[in-house]
Number of protein chains: 2
Amino acid sequence: MRILGVDPGLTRLGLGVIDAGRARQARMVAVDVIRTPSQDSSDVRLGRIADAFDTWLDNYRPDVVSIERIFARNDVSTIMGTAQASGLTMGLAARRGIPVAMHTPSEVKAAVTGNGRADKKQVTHMVTRILKLDSPPKPADAADALALAICHLWRGASSALSTPGSTKDVVDRQRAGRQGDNLTPAQRAWAQAIRDAR
Amino acid sequence: MRILGVDPGLTRLGLGVIDAGRARQARMVAVDVIRTPSQDSSDVRLGRIADAFDTWLDNYRPDVVSIERIFARNDVSTIMGTAQASGLTMGLAARRGIPVAMHTPSEVKAAVTGNGRADKKQVTHMVTRILKLDSPPKPADAADALALAICHLWRGASSALSTPGSTKDVVDRQRAGRQGDNLTPAQRAWAQAIRDAR
């Protein structure tokens, strides 16, 4: 299974592709950040993102796309651009029949570090370890996209296709609040192996 | 000049095409509303909107797209879906090199009715008159998309490509607050002709 993680944004949109091997092991295939200049108008920036994202879908042909779920309570100054970039990538993936899964930041942090409130440094550290990279992924702000892909691999498709505000979605978020309590035995074993490797 | 007006939304996305003739007269070419079922997941709904919107761009080949500008202070329950649908249509138009103009609801109401706080009924009434239609456009919730196209025709490209939060954008919004004071002499004459026709 090939997973494309997407950390949406208008100024920086992170993309990370992983391949899932046996026992839910993950191998990094590609990582990058699409940047658009803030002096350009929103539509021009979204047009560039559309082209770049479609090129990634063409080149890497993911089986599933894992995107960060955004909430309206986030920072108001950036929420519109982030929501627009997220809607664009969701629509471009879905029109190809690619399933789109959404995961909250706390779900991602919990899946990758075991702590739903982990900081950026911890996430980058664990992404580097989990993917067995020699050094942290570059560009630095691309680690979150890989974390989104890893999160989807470990949480499975359980939260895919859940609609914001649905009962299922609320349950997912409550689970995420319990920071990793929803791991399967295989995931728990894997998490233990990671802790041992530290 | 052919203008495609877009009233963005996830449940209902209004589309209206007008052709501009001499003296900024407008003729309706097409109008419809793309609907997606609320029980579907957001990504599937956005995928459908992407296909439908690209089909409209293929069929009608607009010279410019006029989209409602959304503010983060709008209703939180629907803002995410609306922002996502707006970002998707903006990106799909911009990647084709089509200029995208954004107009606030009060700018649209002011341009079409002379009153930035006009209600839906007034907007529909004036859209019907301006486009010389025998009856109000159907579906009923498509009038706003036509109003967005008319607004762009009359306000001109002055507000196109303005970036949210920029000084220019603030000026645009202040102007809109003055409800039509920013009309050109030709627009004012046209507005007077409409008032006379009532």
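Note on naming: letters A, B, ... go to the chains in the order of the sequence lines (proteins, then strands), and numbering restarts at 1 for each one. Everything numeric here is computed off the predicted structure, so don't read it as measured data. Atom set for the values below is all heavy atoms of this structure, side chains included, hydrogens, waters and symmetry mates excluded.
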*Is the number of heavy atoms from other residues, nucleotides or ligands under 6.0 Å of Arg12(B) CZ greater than 12?*
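At most 12 heavy atoms, drawn from other residues, nucleotides or ligands, come within 6.0 Å of this atom.
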To the nearest 0.5 Å, what is the distance between [atom1] ([X]) and [atom2] ([Y])?
X	Y	atom1	atom2	value
Leu92(A)	Leu88(B)	CG	CG	6.5 Å
Met102(B)	Ser41(A)	CE	OG	9.5 Å
Ser86(B)	Met80(A)	OG	CE	6.0 Å
Gln84(A)	Ile70(B)	CD	CD1	6.5 Å
Leu46(A)	Met90(B)	CG	CE	5.5 Å
Ile67(A)	Asp43(B)	CD1	CG	8.0 Å

_Can you confirm whether Arg95(A) sits close enough to Ile49(B) that some side-chain heavy atom of one is under 4.5 Å from a side-chain heavy atom of the other?_
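No, side chains not in contact.
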*Please name the pair of heavy atoms, one in Gly91(B) and one in Ala50(A), separated by the smallest distance, quoted to 0.1 Å.*
O-CB, 4.3 Å
*Closest approach of Ala83(B) and Ala83(A), non-hydrogen atoms and distance?*
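What the structure gives for the nearest pair is CB-CB, 3.6 Å.
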_Grouping I, L, V, M, F, W and Y whenever their side-chain heavy atoms are under 4.5 Å apart, do Val31(A) and Val33(A) come out in a common cluster?_
no
